[in-house]
Q: 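Before we start, here is the structure in question, set down as structure tokens.
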Amino acid sequence: MKGYAGKILRVDLTSGRVRTEPVDAALARDYIGGRGFAARIIFDEVKDADPLGPDNKLVLAAGPLSGVFLPAGAKATFAAKSPATGIYGDANIGGHLAAEMKYAGYDAIVFEGAAPEPVYLYIDDAEVDLRPADYLWGQGTVTAEQSLKAQLGDEFQIAAIGPAGENRVYFACIGHDIGRQAGRTGVGAVMGSKKLKAIAIRGTGSVEVADLEAVRRIGREMILKLNGDPGLQVWHDYGLTSVATWSNSIGALPTRNYQSGYFESAEGIGHAAMKERIFLSTKACFGCPMACGKFTEVKERGIRVEGPEYETIALIGSNCGFDRIEDVAYLNQVCDELGLDTISAGNAIAFAIECYQNGVISAGDTGGLELRFGDADAFASLAGLIARREGIGDVLANGVRHAATVFGGGTARYAIQVKGLEWSGYEARGAPAMMLAYATCDIGASHNRAWAITHDIAAGRDLLEGKAEKVIELQHIRPLFDLLGACRLQWVEMGLDLKYYADIYPAVTGVDASWDDLLTCSERVFNLTRLYAQRELPGFGRSFDYPPARFMEEPVPTGETKGKLVTREQIDWLLDRFYELRGWDRDGHPKPETLRRLRLP
Amino acid sequence: MKIVADNSRCSGCKLCQLTCALTLFNENNPKKTAIKVWSEHFTEGGYRVAVCDQCGECADVCPTGAILHEDGVYRIDTSKCTNCLLCVRACPSGVMYVHRQLRTPIKCVSCEACLGICPTHTLSLVE
């Protein structure tokens, strides 16, 4: 099997035994890799399991394009049954992890059971070993990574959890490459529940491809196309920070717990402020010409961090009322070290602030901490409480859906989430397709599966017709990159033609598959994760596909989308259309003929 | 002509290493490279890059005369190399590489493949 390392590594943390198994050719053909492998393994092997118990599994999977000569074959997927949602959860991660794992000889690693004491997994090609990690336990993600690099050598690629993962915070992330994260759905908590502090990988082998000359030619053409694009400089200078002021201009920048999509001080947390005031150097994932990462320094706080990128600016910045990029970068670093997903952490802390402002919780509940928008020290303190599960932090650590049930008093209205996953960085009351994308994303309220907001603007914000079609189209294309193990931004942001990927996939794998065939694989995975939710969560269906009440009932008060909302009736219309097009019934369950077409159980 | 690196521009994408290995060995394997890229983010603030400037110190220390100078480029004659690694230790830039699959060290032959692929113009040629 070309393009694949050919092996899956199984790590039983309970017994300490490791073994490898060959990658099944049918699995590779039907699920491609990455998120596809992960979803199938979770579906087949994790049944009725407590997400934080030993029966859950944590999968790390790369794709056939990972590590190959093309732009950003850099993406791996971490997946598990999510503690936040109780259904399939995954998070993709860039940096150098996916490529290194392939070079070491593995397409995926499956962590099973739970270690009795903290360990880290050591991989040096075929040498695989679980080693004690007591001395790393308690360290931040970046600190632990630096510790292991100092001990093992700079060539090792490290993924590590922080205190939040150790303490099973439902939105704990896994950190890598001093500032890249598998952020969403609590994969870090699952890792922590297994007492797995870190993964250290060195791979010195090669990824063999089916047609080397074709890969050399197409890969080079893709890279040079990006290198020669005049738009590239914007990415080198600003990366994803340039999205912030644009998002604000279209009324999509989450502001003060999504009360609005317009932040009056967006310039202070935008790309120009980042470049002028805190920028140190530009930082890329493996093989990526775009280099969207920006490494920064906040001298007044004595910290350096990779970031903040757009989502962090949106959720920690405007959504928590910060108007200085220095505060956002500082709190980005705080969350990274603690091992908190900046999206859910920003969302949860904004939720807590709104609860506090409205008198539902008080200083008596917070241990004396006064909560208000734009207070960096209070944010840092609360983030620490969450990561350590202390006081009110223990409630927030289970996510806003759970916290709202504890706080009561109508706070569900302030809990901006779907399926238990906190909403990410696009306020969508003026964007029905984006709203539908969030509502129907298979892991909860993530923008990752379908970033449809530009379509809303192009096709008409108030239009509903055609929106479900667009969301489904994107829900197949975008996650396909997570199956392939490559980054999508080269296509999304720089318009790199999808035909290149259609051409290079058979050159890498030798599998004669068309682009439509690959999209069918992506559709298969989207339906598989839906089936998994139905099986694991009794009653799962349509009622899980609604946005929070705020977005259906409160018009946006300020900015470009002032007065807009997407009503429950409109959501119902969109869901009906979406289900019909997907071949799902009115409750959102895939119909038997759909499952047959996709060869699903 | 020699290849030089402007550290301040490097993004650490490793496309230079990937294309180096593809050119020298026809493999997708950035460990089989004669270019070094490493992180100094918490000291210097970014990546650092080391490339061979064809200084010839490797040839000076080679006990078997296996490193030959021709047209400004030093190359290893693998038939004469005994893999004693004296050249690796002597290289002032640390860019003579040992790879566990290879019998002899990897050395830059100034093919310039890396120059054409670097997205940030970190690498360039100087007289």
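Chain A is the first sequence line, chain B the second, and so forth, proteins listed ahead of strands; every chain is numbered from 1.
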Q: Within the supplied structure, the quantity of interest is the number of heavy atoms (other residues, nucleotides, ligands) at a distance under 6.0 Å from A/Lys225 NZ; does it exceed 12?
A: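 Not buried by this count: 12 neighbours or fewer within 6.0 Å.
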Q: Compare all side-chain heavy atoms of A/Val207 with those of B/Asn29 and state whether any distance is below 4.5 angstrom.
A: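 No. Closest side-chain heavy atoms not under 4.5 Å.
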Q: Please identify, among A/Leu280, A/Val68, A/Thr296, the residue contributing the most non-hydrogen atom pairs under 4.5 Å to chain B.
A: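 Max contact count across the listed options: A/Val68.
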Q: Using a 6.0 Å cut-off, check whether atom CD of B/Glu70 has over 12 heavy atoms from anything other than its own residue.
A: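 Atom CD in B/Glu70 is not crowded, with 12 or fewer foreign heavy atoms closer than 6.0 Å.
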Q: Checking an interface table here. Which of residues 51-67 of chain B come within a heavy-atom distance under 4.5 Å of chain A?
A: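 The list, in residue order, is empty: none.
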Q: What are the two closest non-hydrogen atoms of A/His236 and B/Thr120, and how far apart are they?
A: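 In terms of heavy atoms, the two residues are closest at CE1-CG2, 3.7 Å.
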Q: Roughly how far apart are B/Ser39 OG and A/Asp154 CG, rounded to 0.5 Å?
A: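 Result: 6.5 Å between the selected atoms.
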Q: Between B/Gln17 and chain A, which part of the residue has a heavy atom less than 4.5 Å away: side chain, backbone, both or neither?
A: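 Neither part.
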Q: Would you mind telling me which of A/Gly293, A/Gly73, A/Gly203, A/Ala99 has the largest number of heavy-atom pairs within less than 4.5 Å of chain B?
A: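 Option with the top pair count is A/Gly203.
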Q: Just wondering, do B/Leu22 and A/Val215 contact through their side chains at under 4.5 Å, heavy atoms?
A: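 They are not in contact (no side-chain heavy atoms under 4.5 Å apart), so the answer is no.
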Q: Looking only at heavy atoms and a cut-off of under 4.5 Å, which of B/Glu27, B/Lys14, B/Arg100 has the most pairs with chain A?
A: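 Result: the option with the highest number of such pairs is B/Arg100.
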Q: Please determine, among A/Gly205, A/Gly219, A/Ala291, the option with the most heavy-atom pairs under 4.5 Å with chain B.
A: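 The option with the most such pairs is A/Gly205.
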Q: Quick one, A/Tyr103 and B/Pro30 - any side-chain contact, counting heavy atoms below 4.5 Å?
A: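 They are in contact (side-chain heavy atoms under 4.5 Å apart), so the answer is yes.
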Q: Could you check whether any side-chain heavy atom of B/Phe42 comes within less than 4.5 Å of a side-chain heavy atom of A/Val142, counting everything from C-beta outward?
A: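 Yes. Closest side-chain heavy atoms under 4.5 Å.
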Q: So do the side chains of B/His41 and A/Lys283 get within less than 4.5 Å of each other, counting heavy atoms only?
A: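 Yes. Closest side-chain heavy atoms under 4.5 Å.
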Q: By a 4.5 Å heavy-atom criterion (distance strictly below it), what part of B/Cys16 contacts chain A: side chain, backbone, both, or neither?
A: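 Looking at B/Cys16, nothing touches chain A.
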Q: Under 4.5 Å heavy-atom distance to chain B, tell me which part of A/Gln146 shows up: side chain, backbone, both or neither.
A: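 A/Gln146 touches chain B through side-chain heavy atoms alone.
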Q: Rounded to the nearest 0.5 Å, how far apart are CG of B/Asn28 and OG of A/Ser66?
A: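 B/Asn28 atom CG to A/Ser66 atom OG measures 11.5 Å (nearest 0.5 Å).
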Q: Please classify the contact of B/Ser8 with chain A as side chain, backbone, both or neither, using a heavy-atom distance under 4.5 Å.
A: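 Nothing of B/Ser8, per the 4.5 Å heavy-atom cut-off to chain A.
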Q: Distance from B/Lys32 atom NZ to A/Ser206 atom OG, nearest 0.5 Å?
A: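 So the NZ of B/Lys32 and the OG of A/Ser206 are separated by 4.5 Å.
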Q: Grab the two heavy atoms, one from A/Ser281 and one from B/Gly45, that are nearest each other, plus how far apart they are.
A: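 Heavy-atom minimum between the residues: OG-O, 2.7 Å.
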Q: Chain B heavy atoms under 4.5 Å from A/Phe69: which part of the residue, side chain, backbone, both or neither?
A: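 Contact with chain B is through both the backbone and side chain of A/Phe69.
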Q: With a 4.5 Å limit on heavy-atom distance, are the side chains of A/Glu155 and B/Lys31 in contact?
A: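 They are in contact (side-chain heavy atoms under 4.5 Å apart), so the answer is yes.
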Q: Answer yes or no: is there a side-chain heavy-atom contact under 4.5 Å between B/Tyr47 and A/Thr282?
A: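 Not touching, per the 4.5 Å side-chain cut-off.
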Q: Look at A/Ile178, A/Asp177, A/Val209, A/Leu224 and state which one has the largest set of heavy-atom pairs under 4.5 Å with chain B.
A: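 Heavy-atom pairs under 4.5 Å are most numerous for A/Ile178.
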Q: So which part of A/Phe295 gets closer than 4.5 Å to some heavy atom of chain B, the side chain, the backbone, both or neither?
A: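 The side chain, not the backbone.
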Q: Would you compute the distance between atom CD1 of A/Ile223 and atom SG of B/Cys118 and round it to the nearest 0.5 angstrom?
A: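 Spacing of CD1 (A/Ile223) from SG (B/Cys118) equals 11.5 Å.
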Q: How long is the gap from CG on A/Asn227 to CG on B/Leu15, to the nearest 0.5 Å?
A: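 The CG atom of B/Leu15 is 7.5 Å from CG of A/Asn227, to the nearest 0.5 Å.
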Q: Can you tell me how far apart OG1 (A/Thr204) and NE2 (B/His99) are? Round to the nearest 0.5 Å.
A: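 Answer for the OG1-NE2 pair, A/Thr204 versus B/His99, is 4.0 Å.
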Q: Side-chain contact test, heavy atoms from C-beta onward, threshold under 4.5 Å: evaluate it for B/Asn26 versus A/Arg216 and give yes or no.
A: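 The answer is yes, as the side chains (C-beta and beyond) meet within the 4.5 Å cut-off.
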